[in-house]
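Below is one structure, written out as structure tokens; the observations come after it.
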Amino acid sequence: MESMAEVHVIGQIVGATGFSESSLFCKWGVHTGAAWKLLSGIREGQTQVDTPQIGDMAYWSHPIDLHFATKGLQGWPRLHLQVWSQDSFGRCQLAGYGFCHVPSSPGTHQLDCPTWRPLGSWREQLARAFVGGGPQLLHGDAIYSGADRYRLHTAAGGTVHLDLGLLLRHFDRYGVEC
Amino acid sequence: MAAGSPSVFLLMVNGQVESAQFPEYDDLYCKYCFVYGHDWAPTAGLEEGISQITSKSQDVRQALVWNFPIDVTFKSTNPFGWPQIVLSVYGPDVFGNDVVRGYGAVHVPLSPGRHRRTIPMFVPESTSKLQKFTSWFMGRRPEYTDPKVVAQGEGREGLCHSPLQRGDQGPEEAGLRHWASGHAGCPGARPAPGPPAVKVSALHCLVRPPSRCRPSSSHGARQCHHPSACRQCSWGPWGGVVFL
């Protein structure tokens, strides 16, 4: 346990741009391989709803602080994100799915994560345009896995911006360059 | 160094809360404090501060300059819970009462050197239309009793779906939903009436093990002193690049 390689991911989900909806919030989570263990921190969370007063960028400033121990490099952590919008009645509607790999080099990184949303049939598109709602993924793993993606027809959403810092420890003991 | 033995390191932070852009407000002051994990402890300096009240500059910049110093040193054995600076900005409303104009938080940079951060500010909004009206009518905004909640990631969904119940808050502060946010633009690119944002500049970060447990390996502390710029030193066990 003590001799395992360790990874710290420290940073923020800063906010999002490019979404046509206002009043956005983000559900996020971290997916890792089986060799990875979360020692401390929260694996998933949700931001507050942000309504920009100036400009079109929604700011969440949502802190992330994760401490992993790992026995192998396979299954390097990836962050998956779901951006939702909330209308004036409190109804929530999906605005985009996205994922990004946690960088593997130590230091600070500014990441931009593009998002997409399922389009559905023309009836569903029409219904979404007028009453809202729209199709959602039944299983969230399609956000960060490549399998079964070919079934989907999607449209572009906005971009989520992240600031992540990475600290690696004990990787040199296993001959991993970092 | 033996594997797993607690390795203490120090994080020195100094810098200043430089200025702010709040196009709508004037005569503002700011408070700063640090939020950090259980393994962290401040060893020197002030971890809280409250600035002077500043008025907008009379030129085109409309800048609120505080030039407020921050100088604090932490020690820890574990990077988890890395310190965050929490800023809250207050100013008088038309009746002269102090009202919060923005909250913001950012992690202390992980890499040593000089950094400048522009922190987007946001304020909580009441959940219900009635609370919105009463807070507008009474001239009182919802506030956090403890600004440190903006550095926590948990419980934010309560700010969206259901009222955030906090026993120690007043009635109109109990239900918080939207955080209305300002915009932090690049100050160079947007010199005209800017977005509400606070700039923290010259955060010099220095991470080093304290002298009593300096590692004896070849990765030991290398310190290079620069008279004016930041000082750096590197230390092996934490994967050389970041803990420079």
Side-chain angles (χ1 to χ4, degrees), chain A residues 1-15 23 25-28 39-42 44-67 84 86 88 90 92 105-108 163-173 176 178, chain B residues 2-5 23-24 35 37-38 78-82 84 103-107 109-111 115 117 119-125 127 150-161 164 176-185 190 193-196 219 236-243:
Chain A
M1 189 60 221
E2 286 160 349
S3 60
M4 282 162 88
E6 293 172 35
V7 177
H8 287 270
V9 184
I10 297 170
Q12 273 188 350
I13 304 175
V14 178
S23 296
F25 66 97
C26 177
K27 293 181 181 183
W28 62 274
L39 295 181
S40 41
I42 311 164
E44 55 186 14
Q46 185 177 316
T47 70
Q48 76 280 13
V49 182
D50 188 82
T51 312
Q53 304 289 291
I54 304 164
D56 68 337
M57 178 155 176
Y59 283 101
W60 297 310
S61 302
H62 189 97
I64 289 177
D65 196 338
L66 300 162
H67 183 190
W84 293 73
Q86 196 184 49
S88 51
C92 298
S105 61
T108 48
D163 275 349
L164 293 183
L166 228 85
L167 301 176
L168 306 179
R169 194 188 193 196
H170 296 330
F171 273 82
D172 48 345
R173 281 190 194 166
V176 180
C178 52
Chain B
S5 70
E24 296 164 63
V35 176
H38 294 297
N78 183 2
F80 180 74
W82 195 271
Q84 297 179 65
Y103 296 103
V106 74
H107 278 102
L110 272 82
S111 48
H115 303 268
R117 291 281 183 270
I119 303 172
M121 307 297 281
F122 37 68
V123 286
E125 250 181 32
T127 356
V150 301
Q152 286 157 13
E154 292 167 286
R156 293 199 179 196
E157 57 271 46
L159 302 171
C160 156
H161 292 302
L164 175 71
L176 309 173
R177 185 178 62 179
H178 293 248
W179 294 18
S181 118
H183 180 100
R190 199 188 296 264
H219 298 293
W238 288 101
V241 187
V242 174
F243 278 64

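Excluded from the calculations below are hydrogen atoms, water molecules and symmetry mates; all remaining heavy atoms, backbone and side chain alike, are included. A note on names: the letters A, B, ... follow the listed sequences, proteins ahead of strands, and every chain is numbered from 1.
- Using a 4.5 Å cut-off between heavy atoms, A/Ile13 does not touch chain B at all.
- In this structure, CG on A/Leu166 lies 11.5 Å from OG on B/Ser111, to the nearest 0.5 angstrom.
- Within the 4.5 Å cutoff, the side chain of A/Ile54 has heavy atoms near those of the B/Pro23 side chain.
- Between A/Ser40 atom OG and B/Asn78 atom CG the span is 6.0 Å, to the nearest 0.5 Å.
- Proximity to chain A (any heavy atom under 4.5 Å) is restricted, for B/Gln84, to the side chain, taken from C-beta onward.
- Taking both residues in full, the closest heavy atoms of B/Phe122 and A/Tyr59 are given as CD2-O, 4.4 Å, listed atom of the first, atom of the second, then distance.
- Using a 4.5 Å heavy-atom cutoff, the side chains of B/Arg156 and A/Pro63 are in contact.
- Residues B/Gly81 and A/Asp65 come closest through the heavy atom pair N-OD2, 2.7 Å.
- Looking only at side-chain heavy atoms (C-beta outward), B/Phe80 and A/Ile10 stay at 4.5 Å or farther from each other.
- The CD atom of B/Gln152 sits 10.5 Å away from the NE2 atom of A/His62 when rounded to the nearest 0.5 Å.
- Here the CD-CD distance, from B/Glu125 to A/Gln48, works out to 11.5 Å after rounding to the nearest 0.5 Å.
- Listed for the A/Gln12 side chain is a donor-acceptor partner under 3.5 Å among the backbone atoms of B/Ala105.
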